[in-house]
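Data first, discussion second: the structure below is written as structure tokens.
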Amino acid sequence: MNSAARLAEILSANAGRAGPLLPILHDVQAAFGCIDRDAEAEIAEALNLSRAEVHGVVSFYHDFSAEADPRLVVQLCRAEACQARGVEEIVAAGERAAGERVCLKTVYCLGLCSVGPAARVGDALHARLDAAALVALIEAA
Amino acid sequence: MTLIRISDDALALACGADAVAAAFAAAGCTVERVSSWGLHWLEPLVEVGGIGYGPMAPDDVSAVLAGTSTKSIGMIAEHPFIARQQRLTFARAGKTRPLSLDDYSATGGWAGLTRARSLSPDQVIAEVTQSGLRGRGGAGFPAGIKWKTVADAAASHKYVVCNADEGDSGTFADRMLMEGDPYHLIEGMTIAAYAVGASQGYIYVRSEYPHAITKLNQAIVLSADIIAPFRIEVRVGAGAYVCGEETSLLNSIEGKRGEVRAKPPLPAHQGLFGQPTVINNVLTLAAVPHILLEGGAAHYDSHGVARSKGTMPIQLTGNIKSGGLFETAFGITLHELIYDIGGGTASGRPVKAVQVGGPLGAYIHPDRFDLPFCYEEYAGVDALVGHGGIVVFDDTADMGRLARFAMQFCAAESCGKCTPCRIGSTRGVELIDRIRSSPRGADSVELLPQMHNARKAGRSREEDIALLEDLCETLKFGSLCALGGFTPYPVLSALKHWPEDFT
Amino acid sequence: MGYEPQVDFGTPEVQSETVVTLTVDGRVVTVPTGTSVMRAAALTGGSIPKLCATDNVQAFGSCRLCLVEVDGMRGTPASCTTPAAEGMVVHTQTPRLAKLRKGVMELYISDHPLDCLTCSANNDCELQDTAAQVGLRDVRYGYAGENHLGLEADTSNPYFDFDPSKCIACSRCVRACDEVQGTFALTIDGRGFASKVRRPATSLIGASSGRPWPSVTVSYATDVTPLRSRPLVCSGSGAR
């Protein structure tokens, strides 16, 4: 399916919702890895919003990006509870392992605060990480 | 065939529960995936005939089946961590399959809703008011009063919105409830909808909780006939802590930037899509089914102290030996929670500080560990009960760095609408860096000759600390919402109790 | 010389069949129900510092300069978003408020160019006036911190320039575009410290028009400003 058809499908799938913009943006981000200018314009048109309104929303939320990043993403929690369990001491090893290939992203809280440091790859969660476990996780990603 | 029960909660999965479950299945056992007991240091925890084993690895399976495992903790229900609790909201934790309607009904599910529907909406609200239930999201506003306001508002559409944007570090109770007992939340919301006359509900869940989102979506489909004519839809956040603030959450559901709205108007008057809206936290709504049981309100009210009534699911996290979910009546002290129940730090080192109530909560010094856990007592010492998260730090913690992190977090998550939070959080990070730096120098711009009226000598540490205190006052009283307004709590508490960490 | 500045009451006039009477700094004033404390104060002749509020768009509550104290109310509510209530006793000038306002202004100026004398808005600048009004004399943060001073000005519109380094992100232009003009051509891009006013890029404006800045702001500037004889949109001199 080409991207225009996919976008149209997403728009029609969310047509019945009240306040459909965020669900649409999630679907577009998942389908294309980003929400680019053209997609913003299409979405605006479909929802009878201005392009400025859609862009303002896209740029507000960290889950949405204007450009696709082909790298794999590993989210590492660096909030207080994981800090208390030593996450800051393993960040450097994780960054070295990630290099250019993997995007090691900071996330604030995965809700695994009693068993941190914690990380997320896609929908898979990992807890009780030490430097070796984090490196292994990144290398396997 | 041996029946093995293992949690499929996200935390258990993160600790490797699937591999353990697969190993038991491969050994010919019947494996039931249930909710988590909340004994997190023992996850993956397996239950065989009431006896718990944990933390389990796939290699431990044969020993458990042979009866030779050294990882037995005895009867789980009698474990001190469980036996000491008063579980009303988490009564099913560890005991039922999250999506099983049979399990839910067999453990008293829908009884609160059935009874609520036999009462008038006014009577339902009266019982919620009588129970003393207050908002568990942090603000502690009486739930019954909020419901009454919405019930009394004249409007063609009303909404019940569940705030499941659990972004505070050190909290996971919402997540556990949504993943482990989703019908319980759905029942609570349906009771709220009946009480106020709403036909549509939304659960706003943060995107960092994919398992909760999946479970809720499945549970909503499976229970649709039971809760009809009420309907619920899950809405997924998109990476914005500030959307846990109720008005910004409403904007987010409406498809807008998650900026905070000025109040008034209150959401109870003009909330979602401009209509009267009940917006409550997961734990608030999940307390409701119990309250609506016969005598439930009085029973709930009989727990707790003074104006902090009922139970609070407290989350023991961070550097703690026995971390997990501990639901108990208000009034318990930090000393009991951290030492008697939590067993002290995981590292074995002395406790230096605990942060209660998330990233906006104060750091509490061990000399205040006698403080009873309740809204008013905490407010009295500039601390927050918040969402009941407790993060323990050992003596290696650098409180100056944590104060800096509080400002950094505020800067990262600020919606940018109000000036104190938008600019002040960034200045706060820089200022704490300046306070902690040495040697101290003058501002490079102020040194320029054109800057004729500017200060030429560097500012002293004392002057910078006074400025940090002023900044905190500007944030506290000037900010539009609690993100900027409460960031001073961790900063000033760290500065007050551990000034040596700011050099 | 230019124009006779008119009083800006801060928030729009409210129509109501009922009225409330309140006291602002000892002066009794009766206003239609739903009127903001800020407008009530302005009607008594008082002047509460403000930057994001102006009386042709709805109250927004973002600049936090218009904080007041109200007897019996906790904290320091923003007067623009607080409706006047019967019997309310409001204080708009107290030492505590003065300190808070100065604290907010100190933050603004820590991220603002220091070129007032050569700025085209000199002497016609609400930010400058308000800084004077709150008595800011020293920016204790210094000026070396993170800032927006390096952002490039957009001079593509024949009617005005937009200098983002001078923008205070009050959203007035965005709101005027939405509420007055109904064009919804502007937005805040990003969030937090990185928030900045933006119109979607030229390629988004539409193949047919290709106009760089939306016409909304142009007509706003030409149609509305003369009527009111004062600059209505920009308080922080981002657009001139």
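By convention in this document, chain letters (A, B, ...) are assigned in the order of the sequence lines, proteins followed by strands, and residues within each chain are numbered from 1.
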Of Gly324(B), Gly255(B), Ala212(B), Ser169(B), the largest count of non-hydrogen pairs under 4.5 angstrom with chain A goes to Ser169(B)
Ala397(B) portion near chain A, given a 4.5 angstrom heavy-atom threshold
neither
Sort Cys243(B) into side chain, backbone, both or neither according to what part of it lies under 4.5 angstrom from a heavy atom of chain A.
side chain
Which one of Arg206(B), Arg235(B), Glu254(B), Glu259(B) has the most heavy-atom pairs closer than 4.5 Å to chain A?
Arg235(B)
Would the distance check show the side chain of Arg175(B) and the main-chain N or O of Gly111(A) forming a donor-acceptor pair, the cut-off being under 3.5 Å?
yes
Could you give me the CA-CA distance, side-chain angles and deciding distance for Tyr108(A) and Tyr241(B), then say whether ring pair (Phe, Tyr, Trp, His ring centres under 6.0 Å) is met?
CA-CA 8 Å; Tyr108(A) 291 130; Tyr241(B) 173 80; 8.9 Å; no
Best-contacting candidate, Gln315(B), Gln355(B), Arg257(B), Met176(B), against chain A by heavy atom pairs under 4.5 angstrom
Arg257(B)
Segment of Gln408(B) engaging chain A (4.5 angstrom heavy-atom cut-off):
side chain
Between Ser322(B), Gly258(B), Gly416(B), which has the largest tally of heavy atom pairs under 4.5 Å with chain A?
Gly258(B)
Heavy-atom pair with the smallest gap, counting every atom of Thr317(B) and Cys113(A):
CB-O, 3.3 Å
Name the region of Tyr363(B), side chain, backbone, both or neither, that has any atom closer than 4.5 Å to a heavy atom of chain A.
side chain
Highest number of heavy-atom pairs under 4.5 Å with chain B: which of Leu25(A), Thr106(A), Asp63(A), Leu112(A)?
Asp63(A)
Is it the case that atom CD in Glu45(A) sees more than 12 heavy atoms from other parts of the structure closer than 6.0 Å?
no
Using atom types as modelled and distance alone, determine if a side-chain donor or acceptor of His62(A) lies under 3.5 Å from a backbone N or O of Ala238(B).
no
Residue, of Gly116(A), Ala124(A), Ala79(A), that accumulates the most heavy atom pairs under 4.5 Å with chain B:
Ala79(A)
Rounded to the nearest 0.5 Å, what's the gap from CZ on Arg17(A) to OH on Tyr202(B)? Could you check?
9.0 Å
Going from CZ on Phe409(B) to CD on Glu80(A), what distance comes out if it is rounded to the nearest 0.5 angstrom?
6.5 Å
Atom CZ of Phe172(B) and atom CG of Leu110(A): how far apart are they, to the nearest 0.5 Å?
13.0 Å
Glu53(A) and Lys256(B): CA distance, side-chain angles, deciding distance, salt bridge (charged side-chain N to carboxylate O under 4.0 Å, His left out) verdict:
CA-CA 8 Å; Glu53(A) 286 172 293; Lys256(B) 297 175 181 160; over 6 Å; no
Let me know if Asp168(B) has heavy atoms under 4.5 Å from chain A in its side chain, its backbone, both or neither.
backbone
Relative to chain B, which of Val107(A), Leu47(A), Val115(A) shows the most heavy atom pairs under 4.5 Å?
Val115(A)
Heavy-atom closest pair, residues Phe273(B) and Gly19(A):
CZ-N, 3.7 Å
Examine whether an atom of Ser207(B) lies under 4.5 Å from a heavy atom of chain A, and if so say whether it belongs to the side chain, the backbone or both; otherwise answer neither.
both
Minimum side-chain heavy-atom gap Glu208(B)-Cys77(A) below 4.5 Å
no
Heavy-atom contact with chain A under 4.5 Å, split by part of Val242(B)
side chain
At a heavy-atom distance under 4.5 Å, which candidate from Leu49(A), Leu125(A), Leu21(A) has the highest pair count against chain B?
Leu125(A)
Which atom pair, heavy atoms only, marks the closest approach of Gly170(B) to Cys109(A)?
N-SG, 4.4 Å
Would you call Ile320(B) and Ser114(A) a side-chain contact if the rule is heavy atoms closer than 4.5 Å?
no
So for Leu402(B), is it side chain, backbone, both, or neither that comes closer than 4.5 Å to the heavy atoms of chain A?
side chain
Most heavy-atom pairs under 4.5 Å with chain A, out of Gly358(B), Ala240(B), Cys15(B), Gly389(B), belong to Cys15(B)
Give the minimum heavy-atom separation between Ala84(A) and Val391(B), together with the two atoms involved.
CB-CG1, 4.1 Å
Closest non-hydrogen atoms of Leu22(A) and Tyr204(B), given as atom of the first, atom of the second and distance, are CD2-OH, 4.5 Å
Quick check on the interface: out of Gly167(B), Gly323(B), Cys415(B), Ser347(B), who has the most heavy-atom pairs with chain A under 4.5 Å?
Cys415(B)
Contact leader toward chain B among Gln75(A), Arg128(A), His126(A), where contacts are heavy-atom pairs under 4.5 Å:
Arg128(A)
Taking the side chain from Arg85(A) and the backbone from Gly318(B), do they hold a donor-acceptor pair closer than 3.5 Å?
yes
Can Ser252(B) and Tyr61(A) be said to form a side chain to side chain donor-acceptor pair (under 3.5 Å), step by step?
CA-CA 10 Å; Ser252(B) 191; Tyr61(A) 296 98; 2.9 Å; yes
